[in-house]
Amino acid sequence: MTIGFLFLIVAFLLAASFYTYLQDRRLQSVSISALRMASWNLAQLGNEAGALDRELHLTAAGVGNPDDLALRYDILWSRYDYLLTNAESRATRDHDDNQARLEELFSQLRQLEQPLAAQLATPGDWKSVLTDWNEQKTGIQRLVIDNFVGNEANRLVTAVEASRERLSNLRILTLGALVAVFLYMALAVSFVRKQARVDPVTGLPNALRLHSIRGVDRQTSIITCEIREFQLVISDYGTEGAHRLLRHFTRQLRKQLLSEDELIHASQSEFVLLIAHRKSETVSSIIEGLVDASNFDWRIGNSVLHISATFGVDPECDDGSLTWDARHQRAHRALTQARLENRTFYINGEDLRRRLQEEQKIHAGLLRFLNNEPSSLGLHLVYQPIVSASNRNYITGAEVLLRCKEATLGFVPPNRVVDLCERFGLGVELGRWLFRQVALETGQLYEGMDFGGSISLNLNPAMLNSNLVNDIQALLIDAGVPGNALCMEITEDNAALEFKVINTLISRLRELGVAFALDDFGTGHSSLEYVRELKVDRLKIDRCFVDGIELSNDKARFLGSIIAMAEQAYMKSVIEGVENEAQWQLVEKLGGTLIQGYHAHRPMALNCYINLLLDANSSYPTQAMNEQKRYGN
Ligand code: G
Ligand code: MN
């Protein structure tokens, strides 16, 4: 509105200036000096006519000097000549009908030459000469009066000056308006820029502010922070709910900040805090305060939601050469790591750097390993026998466990390897390698030894896709491991897919004889629903339920109820983590079917497993028994 008005004014002033300029030019095209000259020239003509007139009358009265008269005549004559031919008198000639009138008067004057000469030679009656001359004189006077341009010139000068003044006034006005427009635009731009850097919801500086940061004091700590439940809040309470949470969360964080700190709202759920050096507080205590403040029960509508946040910190550092970007990235990395490990915060430091380096090493090793290239990563398989609870020497099979040794890092926990595979999208490849390797190693059991026991494999989440059936057929069954010897273990976490999808997979694989087990039962979130919904053959009860059963009656009874539940649901129970004799006896008494634990056997290399099977004391199911079981089913 205002800007449109200003533009209108400027446009009007510009048009007016242009108009004045054109007018000025038109006025200037009339040369004032030429006009003055014309006026003066004719005034001279008048003067000279006057002088001749005087001489003529003196001479006619007999007192004049004929020579003077002749001179005056000549002067007038040459004035005409000058007026009619000289370039300087052009303006005079060109004005109105001056040219014609001058020519007429000049010819009249020339006609006077003869009579005048005759009178001077023999003076007689001057009357007719004087009459002619009077006519000439009157003509000249009229011409002079008609051309008295002094007024005209003055008028013109005034007009031009007025026009100039108008123009310069307009120029000043235009300039003023332009300055006003410029100021207005500058103010508007700076306002918009400032507004653009502020998040409208929280009133905090936003991502643009973050991008504009060029550097921070090295004594400043950089903290990134993410609200964990944010997506949940958006999906349950919509944008309005999310905005309310953001405002509340901002207030909570602000309470922990001093005036020299800066809080930036980086993206929807993410904040960046620049904490200036504090004399009496360490980063750890600051972060503890922040964790506390961002951990609260938040009331929305009729419900209360628990809100928490994850923090990543790049603490004040000695290295002044680090750029803002590098430091921000380090804080971010710490946040990511905290999120991955489900911790509330991570402070960048040796610990984190080492972990990240390790991960890079393992990742690089994995890539090379899965590419069949020489690798620092020794991935191999071990076998943990699963025995009958009631007959310790009866080995029903084994669970294949992944072991990993990195050349410089040493033993790497298998779940870390699996997590990394998941994170870097290598899950399927790792699974395929596992299938091939299992077939390669255990084929001999089924071909040479008439072994009918089972091989349990842990499926990582990425493998639960439609290719699973083909992969099992091609890489395991076709490679010599009978389908009915295979048991696929899935955890509740990777069964987070729809039950229908998994049950379809289970039933397709069951056609190949492959069994399924629900692994680590009891450690996930909705265990019972999984037991009810998933059509699995075995329930592997997590070792936390075995822990302490020999010391606590309640714990033992609880384990008993889980075993009973498995039985009721037509599932074999596999009790994990049996570590001593007392536990074993209790498990047997409670009705557990199968046992997997250190007290039975520790995970072992393949040849140890084969030796165990071949041991005179051991027994195991044969393939014939499996056939019977199949047909018996
Ligand atoms: O979740 P899953 O059943 O796949 O895990 C098997 C893991 O449990 C293996 O890494 C194995 O080494 C470990 N394990 C097997 N038996 C015992 C045991 O008796 N005690 C303990 N603490 N761990 C065991
Ligand atoms: Mn398992």
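Counting starts at 1 for both ligands and their atoms, following the listed order.
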State if R403 counts as touching ligand 1 under the rule of any non-hydrogen atom under 4.0 Å. yes
Looking just at side-chain N and O atoms, do [X] and [Y] make a donor-acceptor pair shorter than 3.5 Å?
X    : Y    : value
Q329 : D314 : no
S388 : T396 : no
R538 : S573 : no
S376 : E406 : yes
H599 : E581 : yes

Locate the shortest heavy-atom distance separating L210 from A266; write the atom from each residue and the value. CD2-CB, 3.8 Å
State plainly whether the residues R423 and E359 are in salt-bridge range, i.e. N to O under 4.0 Å. yes
Pair D471 + R432, salt bridge at N-O below 4.0 Å: yes
With a cut-off of 3.5 Å and sequence neighbours excluded, list every side-chain donor-acceptor pair involving residues 230-243.
unit_1 : atom_1 : unit_2 : atom_2 : d
S235   : OG     : Q231   : O      : 3.0
S235   : OG     : L232   : O      : 3.1
Y237   : OH     : S303   : OG     : 3.0

Return a yes/no value for H599: is any of its N or O atoms, backbone included, closer than 3.5 angstrom to an N or O of ligand 1? no
Across all chains, not counting sequence neighbours, the salt bridge (charged side-chain N to carboxylate O under 4.0 Å, His left out) partners of R244 are none
Can you sort out which atoms of ligand 1 are near [X], meaning under 4.0 Å from one of its heavy atoms?
X    : value
G597 : 16 (N), 19 (O)
P603 : 12 (O)
L401 : 6 (C), 9 (C), 11 (C)
Q384 : 15 (C), 16 (N)
N458 : 4 (O)

Which heavy atom of the protein is the closest neighbour of [atom], given with residue, atom name and distance?
atom                    : result
atom 13 (C) of ligand 1 : R543 NH1, 3.8 Å
atom 3 (O) of ligand 1  : E576 OE2, 2.2 Å
atom 17 (C) of ligand 1 : Y598 CE2, 3.3 Å
atom 4 (O) of ligand 1  : E399 OE2, 2.8 Å
atom 1 (O) of ligand 1  : D520 OD1, 2.6 Å
atom 22 (N) of ligand 1 : E579 OE2, 3.0 Å

So, using side chain to side chain contact (heavy atoms under 4.5 Å, CB included) as the criterion, who are the partners of N503 when residues are at least two apart? F499, I506, L534, K535
Using the six-membered ring wherever Trp is involved, compare the ring planes of Y609 and F451 and label them parallel, tilted or perpendicular (cut-offs 30° and 60°). perpendicular
Contacts of the Mn ion (ligand 2) with protein N/O/S atoms, counting only those under 2.8 Å: E399 OE2, N458 OD1, E489 OE1, D519 OD2
